[in-house]
Amino acid sequence: MNKKCVGIIGLGSYVPQRIMTNKELEQRMDTSDQWIVERTGIHERRVAAENESTSDLATKAAQKALEDAKLSAAEIDLIIVATASPDMVFPATACVVQENIKAVNAAAFDISAVCSGFLYALITGSQFIKAGMYRKVLVIGAETLSRFTDWSDRNTGMLFGDGAGAAVLGETPEGYGILGVDLGADGGGAELLKIPAGGSRHPATNETILQKQHFIHMNGNEVFKFAVKVMGETTLKALKNANLTASDITYLVPHQANIRIIQSAAKRLGMPMEKVVVNINKYGNTSAASIPIALDEAVKSGTIKSGDIVALAGFGGGLTWASSIMKWCK
């Protein structure tokens, strides 16, 4: 009996309308457009409207992915939302999305792996199909990190943006879809990137609010060193699991965290930047949403075509990392 081949059969993404430029940030913190661009590659980012939440962005991306897959919401068996900025502590944002799109036959849950979240969701969702439990799985990476960003903090304030990307997973022709994956975590680095308060260890108080403990805190230097090392490593592990080498990759779609990290990963893999999908200049770091947004844009523009070998790689708080090698089939 042949093993099931599973891959992406539909894609969609959504970003809020409001654009926040580096020039605007110059009014909020001690920085400059040149300083931000040189160190991060970011020119602007999208910011959700006051009435937009993570589930709203996720819903719009999901509807586009369903349309691309030519499926109705009722045909979805499972919804997994990867997010570090859920609507609420509970219920899961995936349940809100399920109601919004009327996926009445779907189970639903969230995954928290921060910027690695979409790949964690993708790999998890694919296993349900390979096991024969489900046929169609909707995975979504969605964030409204602007709600958790201290716009006066020069260390983190310029990095993050809002958005959502969604993928429908299903069976693919033999030899197509997901060929190899890698997942990993190092909880020893949990303190390097976090939102300290709002959970059970430090519930919300007047003091935690005044101390800005509900915003993103990051040790930028340590996270940078970790990311430069792990992005190439996880991609190489996934390639090995797929019985491929870096020279087989047609396009690399990395987590859009920092242009220097992306360039380092490409160098480690011996890839020219022409083969790397980059849109950090437009959206900043959208965490779990960054890979699916970039992938959707690359496919919709015709850059990625059927038969291409596509490597997806990310890292995030936790610390976590993940990668997937796919033979594109759309």
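In what follows, every heavy atom counts, from backbone to side chain, and hydrogens, waters and symmetry copies are set aside.
Residues D182 and W321 have side chains in contact (heavy-atom distance under 4.5 Å, counting atoms from C-beta outward). Using a 4.5 Å heavy-atom cutoff, the side chains of D296 and K64 are not in contact. For the pair L210/E207, no side-chain contact is recorded, criterion being any heavy-atom separation below 4.5 Å from C-beta on. Using a 4.5 Å cut-off on side-chain heavy atoms (C-beta onward), I8 and L169 make contact. I76 has its side chain out of reach of I101: every pair of non-hydrogen atoms, C-beta onward, lies at least 4.5 Å apart. Contact check for T21 versus E26: no side-chain heavy atoms found under the 4.5 Å cut-off. With a 4.5 Å cut-off on side-chain heavy atoms, D153 and F215 do not count as touching. Between F226 and L192, the closest side-chain pair of non-hydrogen atoms is not below 4.5 Å.
Note that CZ of R45 is 5.5 Å distant from CD1 of I36, once rounded to the nearest 0.5 Å. Rounding to the nearest 0.5 Å gives a distance of 7.5 Å between OG1 of T234 and CG of L183. Taking CZ from F160 and OG1 from T149, the interatomic distance works out to 6.5 Å, rounded to the nearest 0.5 Å. Here the straight-line distance linking atom CZ of R260 with atom CZ of F224 works out to 4.5 Å at 0.5 Å rounding. Rounding to the nearest 0.5 angstrom, the gap separating the OG1 atom in T93 from the CD1 atom in I140 is 9.5 Å. The CG atom of L239 lies 4.0 Å from the CD1 atom of I325; values are rounded to the nearest 0.5 Å.
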Inset, instruction - Please report the C-alpha distance between T124 and Q127 in whole Å, then the side-chain angles of each, then the deciding distance to 0.1 Å, and finally whether the side chain to side chain donor-acceptor pair (under 3.5 Å) criterion is met. - result: CA-CA 5 Å; T124 301; Q127 299 306 307; over 6 Å; no

Inset, instruction - Using the side chain to side chain contact (heavy atoms under 4.5 Å, CB included) rule, take L122 and I291 through it: C-alpha gap first, then chi angles, then the decisive distance, then the call. - result: CA-CA 11 Å; L122 177 81; I291 289 174; over 6 Å; no

Inset, instruction - Would you check, one step at a time, whether the test side chain to side chain contact (heavy atoms under 4.5 Å, CB included) holds for I304 with V253? - result: CA-CA 10 Å; I304 292 175; V253 185; 4.1 Å; yes

Inset, instruction - Using the side chain to side chain contact (heavy atoms under 4.5 Å, CB included) rule, take E233 and R268 through it: C-alpha gap first, then chi angles, then the decisive distance, then the call. - result: CA-CA 9 Å; E233 285 183 354; R268 173 79 183 270; 3.6 Å; yes

Inset, instruction - Begin from the C-alpha positions of I259 and V278 and carry the test side chain to side chain contact (heavy atoms under 4.5 Å, CB included) through to its verdict. - result: CA-CA 8 Å; I259 190 62; V278 177; 3.9 Å; yes

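Take K240 and apply the salt bridge (Lys or Arg N to Asp or Glu O under 4.0 Å) test, not counting sequence neighbours, and it matches no residue.
Checking side-chain atoms of S290 against main-chain N and O of T286 turns up no donor-acceptor pair under 3.5 Å. No donor-acceptor pair under 3.5 Å is formed between the side chain of D77 and the backbone N or O of V137. A donor-acceptor pair under 3.5 Å is formed between the side chain of Q256 and the backbone N or O of V277. Looking at S116, its side chain does come within 3.5 Å of a backbone N or O of G316 through a donor-acceptor pair. Between the side chain of N281 and the backbone N or O of H43 there is no donor-acceptor pair closer than 3.5 Å. Under a 3.5 Å cut-off, the side chain of R46 and the backbone N or O of P16 do form a donor-acceptor pair. Of the possible donor and acceptor atoms, none in the side chain of Q34 sits under 3.5 Å from a partner among the backbone N and O of S32. With hydrogens and angles disregarded, no donor-acceptor distance shorter than 3.5 Å links the side chain of D33 to the backbone of N22. In this structure, the side chain of E75 does not engage the main chain of K136 through any donor-acceptor pair within 3.5 Å. The main-chain N or O of A113 is found under 3.5 Å from a side-chain atom of T320 such that the two form a donor-acceptor pair.
Annotation: R154, atom CZ; neighbour count of heavy atoms from other residues, nucleotides and ligands within 6.0 Å is above 12.
A donor-acceptor contact closer than 3.5 angstrom is absent between the side chains of T59 and D56. Side-chain polar atoms of T208 and H214 form a donor-acceptor pair below 3.5 angstrom. Donor-acceptor pairing under 3.5 Å is recorded for the side chains of K212 and S152.
The minimum heavy-atom distance linking K130 with I178 is given by the pair NZ-O, 4.4 Å. Nearest heavy-atom pair, V114 versus A288, reported as atom, atom and distance to 0.1 Å: O-CB, 3.5 Å. Closest non-hydrogen pair, D87 versus S55, comes out as OD2-OG, 2.5 Å. When all heavy atoms of F315 and A257 are compared, the pair lying nearest together is CZ-CB, 3.6 Å. Nearest heavy atoms, P86 versus D110: CB-OD2, 4.4 Å. Nearest approach of L11 to V299, heavy atoms of both residues: CD1-CG2, 3.8 Å.
For K225 and E222, the salt-bridge test passes: some basic side-chain N is under 4.0 Å from an acidic carboxylate O. Classification of E52 and R18 as a salt-bridged pair fails, no side-chain N sitting under 4.0 Å from a carboxylate O. With respect to the salt-bridge test (charged N to carboxylate O, under 4.0 angstrom), the residues K102 and E99 qualify.
Linking ILVMFWY side-chain heavy atoms closer than 4.5 Å, directly or via other members, places Y14 and L145 in two distinct hydrophobic clusters. Both L269 and I309 are members of a single hydrophobic cluster when ILVMFWY side chains are connected at heavy-atom separations under 4.5 Å. Under a hydrophobic clustering in which Ile, Leu, Val, Met, Phe, Trp and Tyr are joined whenever their side-chain heavy atoms come within less than 4.5 Å, directly or via other members, F118 and V276 fall into different clusters. One hydrophobic cluster, built from ILVMFWY side chains closer than 4.5 Å, cannot hold both L252 and W328; they sit in different ones. Hydrophobic clustering keeps M20 apart from I293 (ILVMFWY residues linked when any side-chain heavy atoms are closer than 4.5 Å, directly or through intermediates).
Under a 4.5 Å side-chain heavy-atom cut-off, the cluster of Ile, Leu, Val, Met, Phe, Trp and Tyr residues that includes V104 has no other member.
Judged as a side chain to side chain donor-acceptor pair (under 3.5 Å), the pairs with a partner in residues 138-147 (not counting sequence neighbours) are, in order, T54-T144, T83-E143, S85-E143, E143-S287, S146-D162.
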